[in-house]
Amino acid sequence: MVLQIIRRQITVDEYHRMGEAGIFQNDERLELVDGEIVKMTPIGSRHAHCVNRMTEFLITHLGNRAMVSIHNPVCLGKYSEPQPDIAIIKRNEYAYMTRHPDVSDVYLIIEFADSSIDFDHDVKLPIYAKAGIHEVWIVDLVSECVEIYHEPTSAGYKQMNTKKTSDTFSPSSFPDITVTVNWVLGKN
């Protein structure tokens, strides 16, 4: 007889109740991905530097057109609430006092990846696409490139462009904001 393992997905509401009940340690870095609680990898110094630098740049250049959310939850439906490195979201600060931003609030998600590159590609990216996140950037700190994803479908993103070294690019929702890959990687 073969034992069949049946997994039960945890909903976003159940995940919040678990947090309110004190099930998790205060310093645990967790996110809910496709109904499973996932422990996030530690953030290295280069990763942190690049996130901080990009955050400062975006806040300065976006002004009051959008909000820049760092390592905060984005609700992607009933079973997923990841915490991307950066999410550019609609200005709606009073709504966010009672709920996390959802897909309709997101302009762009940016993930910086070194040790988490496989997880970002294999797990998070398909979830972002299935939820309908319009644009995702994966900043690959190991291969030193930026992958830009557009046109989400339930099967993944239809369009992906890889930018390297001195290539320039912009968020599709804010084409006036331009950066180079080397700048995003903290190289100049």
Note to self: side-chain hydrogen bond (donor to acceptor under 3.5 Å, both in side chains), that's the test. Do Thr180 and Ser166 meet it? Break it down for me.
What the structure shows: CA-CA 5 Å; Thr180 65; Ser166 60; over 6 Å; no
Donor-acceptor pair, [X] side chain versus [Y] backbone, under 3.5 Å?
X	Y	answer
Glu36	Val33	no
Lys90	Arg65	no
Arg91	Ala66	yes
Ser143	Asp140	no
Gln83	Leu30	yes
Asp85	Phe112	yes
Asp122	Phe119	no
Glu135	Ser172	yes

Quick one: do the [X] and [Y] side chains pair a donor with an acceptor below 3.5 Å?
X	Y	result
Asn72	Ser69	yes
Ser116	Thr41	no
Tyr128	Glu111	yes
Glu147	Tyr149	yes
Thr11	Asp13	no

Under 4.5 Å between side-chain heavy atoms, hopping through other hydrophobics if needed: is there a path connecting [X] to [Y]?
X	Y	value
Ile127	Ile86	no
Val139	Leu108	yes
Leu141	Trp137	yes
Ile37	Tyr79	no
Met54	Val68	yes

Next item on the list: Drop me the distance from Gln9's CD to Ser80's OG, to the nearest 0.5 angstrom.
Entry: 8.0 Å
Check: Which distance, rounded to the nearest 0.5 Å, do you find between the CE of Met160 and the NE2 of His150?
Finding: 12.5 Å
Checklist line | Within 6.0 Å of CG in Asn26, more than 12 heavy atoms from elsewhere | finding: no
Note to self: Does Glu56, at its CD atom, have more than 12 non-hydrogen atoms belonging to other residues, nucleotides or ligands within less than 6.0 Å?
What the structure shows: no
Note to self: Please evaluate residues Arg53 and Val51 with respect to the criterion side-chain contact (heavy atoms from CB on, under 4.5 Å), reporting the C-alpha separation (whole Å), side-chain torsions for both, the decisive distance (0.1 Å), and the verdict.
What the structure shows: CA-CA 6 Å; Arg53 186 174 190 206; Val51 169; over 6 Å; no
Notebook entry, point to check: Parallel, tilted or perpendicular: which fits the ring planes of Phe57 and Trp183, with parallel below 30° and perpendicular above 60°?
Noted result: tilted
Nearest heavy-atom neighbours spanning [X] and [Y]:
X	Y	value
Pro73	Pro101	O-CD, 3.6 Å
Ile109	Pro84	CG2-CB, 3.5 Å
Cys50	Gly186	SG-N, 4.1 Å

Next item on the list: Decide side-chain contact (heavy atoms from CB on, under 4.5 Å) for Thr168 and Lys163; before the verdict, give the C-alpha distance in whole Å, the side-chain angles of both, and the deciding distance to 0.1 Å.
Entry: CA-CA 8 Å; Thr168 60; Lys163 303 291 185 179; over 6 Å; no
Next item on the list: Step by step, work out the salt bridge (charged side-chain N to carboxylate O under 4.0 Å, His left out) result for Lys130 and Asp34.
Entry: CA-CA 11 Å; Lys130 187 176 178 181; Asp34 204 20; 5.6 Å; no
Next item on the list: Just do the salt bridge (charged side-chain N to carboxylate O under 4.0 Å, His left out) check on Arg46 and Glu144 with the steps written out, would you?
Entry: CA-CA 12 Å; Arg46 182 175 183 205; Glu144 298 196 334; 3.4 Å; yes
Notebook entry, point to check: Restricting to pairs with a member in residues 2-21, which pass ring pair (Phe, Tyr, Trp, His ring centres under 6.0 Å), not counting sequence neighbours?
Noted result: Tyr15-Phe24, His16-His100
Check: Quick one: ring pair (Phe, Tyr, Trp, His ring centres under 6.0 Å) pairs with a partner in residues 30-56, sequence neighbours left out?
Finding: none
Next item on the list: May I ask you to test the Ile148-Phe169 pair for a side-chain heavy-atom distance under 4.5 Å?
Entry: yes
Notebook entry, point to check: So, are Lys78 and Glu14 salt-bridged, with charged N and O less than 4.0 Å apart?
Noted result: no
Checklist line | Pair Asp102-Val74, side-chain contact (heavy atoms from CB on, under 4.5 Å): steps then yes or no | finding: CA-CA 5 Å; Asp102 61 30; Val74 174; 5.9 Å; no
Notebook entry, point to check: Are Ile133 and Leu76 close enough, and set up right, to give a side-chain contact (heavy atoms from CB on, under 4.5 Å), and what steps lead you there?
Noted result: CA-CA 9 Å; Ile133 297 294; Leu76 300 182; 3.9 Å; yes
